[in-house]
**Student:** 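First the structure, which I've put down as structure tokens, then a few questions once you've had a look.
Both counts, for ligands and for their atoms, begin at 1 and track the order of listing. Throughout, residue positions are numbered sequentially from 1 according to the sequence presented. Everything numeric in this text was worked out from a predicted model, so none of it was measured.
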Amino acid sequence: MNRFESLKESMYIPSEELINDIEKIDGDIMILGVSGKMGVNLAKLAKRASNKAKNQKKIYGVARFTESDGIQEELESEGIETIKCDFMSEDQLEALPEVKNIIYMVGYKFGTVGNEDFAWAINSYLPGRIANKYKASNIVAFSTGCVYPLVKVSAGAPSEEFPPEAVGEYAQSCLGRERILQYFSKQNQTPMTIFRLNYAIDLKYGVLSEIAQAVLNEQPIDLTMGHANVIWQKDACEMAVRSLRVVSTPANVINVTGPETVSIRWMAERFAEKFNKTPKFTGIESDMALLSNASKAHTIFGYPKTTIREMIDTTSEWLLNGGDTIDKPTHFQEREGKY
Ligand SMILES: NC(=O)c1ccc[n+]([C@@H]2O[C@H](COP(=O)([O-])OP(=O)(O)OC[C@H]3O[C@@H](n4cnc5c(N)ncnc54)[C@H](OP(=O)(O)O)[C@@H]3O)[C@@H](O)[C@H]2O)c1
């Protein structure tokens, strides 16, 4: 296995904690929205953890598989049972099998401006349909730290005690998703975890990759959104599966991200050292940023295994060796919630 392959492979090696937890989860697991940027990683980790556990379980991966890029075949070759389904079709949704554990990963963000009605349908209406279909299951539903407003960096990041105050229709529709799920969790006694994620970092995608590419290509980096919280995608995916163990009624809301508030300037400077470049900046750091305090997740699952310096090292190595990237900007610099 060459270095490229071993870096990629490292994303799919389940931790002992995940293997132990998956052993304790009763029933099979179905991932709704499996073909996205995180779903494949999550499905493979769950399947491999289950293979190593005493009681093997079926892992289902469901999506429309709109991009014909071999994802469905890749998942099938791992032993994940894939199903093509458009969740917005009542008939197709109803035809899905009953499964004890659901991880719901569908969301619509980029292109919300101009498509607000569609964003609300996907982000707020559809979760109600899913909650109705899977009222007898445990549900972990992905959400976003965008439900919080920008906060003063000096005041510290908001934890779950902080009331959401969504800015812009994307964030508002995601808060709608949380509220609808919370309603159905109580109404139907469906145990749920709401998984409020801030910036998963993959080899090919995410805030770190974007900053690294800008430094490498000598492009300016806007510093106005001067701080962020990030987490290695593998760590986030493991926490999502392990969240099936902490579902509750009313729904258990958990912020998920890394432990530190990272300075964008500091990160760019570290990449500049790796690439022997001088970073170019525009703007100055605002004292307000979109942040999340994930200390509750760290208490439940332990700190994420991958440190910020390891993320920087791995991302640099990937890019310096010509690793490919997914051209889907995170727009983490957005300050008015217009995606
Ligand atoms: N990545 C991050 O850093 C991050 C940060 C905060 C929150 N989140 C949230 O976490 C979740 C997972 O993230 P992600 O980056 O993996 O999302 P993503 O790349 O947008 O993936 C969304 C998935 O949903 C599927 N989907 C969309 N509409 C569907 C429909 N009508 N029927 C069936 N499947 C449908 C898509 O596949 P098809 O098009 O093939 O159907 C895809 O598999 C999302 O809800 C996202 O908003 C992610």
Side-chain angles (χ1 to χ4, degrees), residues 11 30-44 60-72 74-75 80 82-93 95-96 102-112 115 118-119 121-127 129-130 133 140-148 166 170-171 173-178 181 193-210 228-237 239-241 243 254-258 290-292 294 311 326-332 334 339:
M11 302 298 282
M30 178 179 268
I31 299 149
L32 302 178
V34 76
S35 63
K37 297 178 295 296
M38 298 184 71
V40 177
N41 201 161
L42 189 149
K44 284 196 188 183
Y60 296 91
V62 192
R64 293 166 302 178
F65 297 100
T66 41
E67 291 177 32
S68 50
D69 46 8
I71 284 181
Q72 196 172 3
E74 185 181 341
L75 293 169
I80 295 154
T82 64
I83 304 173
K84 261 193 184 182
C85 175
D86 181 347
F87 304 129
M88 292 299 271
S89 153
E90 291 290 317
D91 295 344
Q92 291 182 35
L93 182 59
L96 286 177
I102 300 296
I103 300 180
Y104 180 69
M105 304 186 75
V106 178
Y108 179 71
K109 183 173 188 180
F110 304 116
T112 301
N115 278 313
F118 183 69
I122 292 286
N123 294 336
S124 307
Y125 164 79
L126 183 57
R129 303 293 307 127
I130 301 290
K133 160 83 182 164
V140 171
F142 274 69
S143 180
T144 166
C146 289
V147 297
Y148 293 119
Y170 163 68
S173 66
C174 291
L175 183 56
R177 167 172 55 200
E178 290 195 5
L181 290 170
T193 299
I194 291 177
F195 192 84
R196 263 185 205 157
L197 177 63
N198 272 46
Y199 301 124
I201 303 301
D202 179 39
L203 293 165
K204 305 178 183 185
Y205 168 86
V207 176
L208 258 73
S209 180
E210 259 169 61
N229 304 108
V230 298
I231 181 168
W232 197 235
Q233 180 165 287
K234 178 187 162 189
D235 294 332
C237 289
M239 288 185 191
V241 180
S243 290
I254 307 179
N255 291 347
V256 177
T257 193
L290 185 71
L291 298 174
S292 168
M311 290 186 228
I326 300 177
D327 188 21
K328 289 185 181 167
T330 59
H331 297 284
F332 77 91
E334 175 57 44
Y339 297 99

**Student:** Can you sort out which atoms of ligand 1 are near D86, meaning under 4.0 Å from one of its heavy atoms?
**Tutor:** 30 (C), 31 (N), 32 (N)
**Student:** Which of the atoms in ligand 1, numbered in the order shown and given with their element, are less than 4.0 Å from a heavy-atom of C85?
**Tutor:** 32 (N), 33 (C)
**Student:** Looking at F65, which atoms of ligand 1 are within less than 4.0 Å of one of its heavy atoms?
**Tutor:** 38 (P), 40 (O), 41 (O)
**Student:** What atoms in ligand 1 come closer than 4.0 Å to a heavy atom of V34?
**Tutor:** 43 (O)
**Student:** Would you indicate which of I231, L197, I83, L93 comes nearest to atom 48 (C) of ligand 1 when only heavy atoms are counted?
**Tutor:** L197
**Student:** Any idea which part of S143 is under 4.0 Å from ligand 1, heavy-atom wise: side chain, backbone, both or neither?
**Tutor:** backbone
**Student:** For ligand 1, which atoms, with element, lie under 4.0 Å from some heavy atom of F142?
**Tutor:** 10 (O), 11 (C)
**Student:** Which of these, R64, R177, Q72, has its nearest heavy atom closest to atom 35 (C) of ligand 1?
**Tutor:** R64
**Student:** Please work out which of S292, G61, A200 has its closest non-hydrogen atom nearest to atom 3 (O) of ligand 1.
**Tutor:** A200
**Student:** What protein heavy atom is closest to atom 45 (O) of ligand 1, reported as residue, atom name and distance in Å?
**Tutor:** M105 O, 3.1 Å
**Student:** Counting only heavy atoms closer than 4.0 Å, does ligand 1 sit against the backbone of F195, its side chain, both, or neither?
**Tutor:** neither
**Student:** Which ligand 1 atoms are under 4.0 Å away from a heavy-atom of G107?
**Tutor:** 45 (O)
**Student:** Please verify the inter-ring angle class for F118 with Y108; under 30° counts as parallel, over 60° as perpendicular, anything in between as tilted.
**Tutor:** perpendicular
**Student:** Using a 4.0 Å cutoff against the non-hydrogen atoms of V106, which atoms of ligand 1 qualify?
**Tutor:** 24 (O), 27 (C), 28 (N), 45 (O)
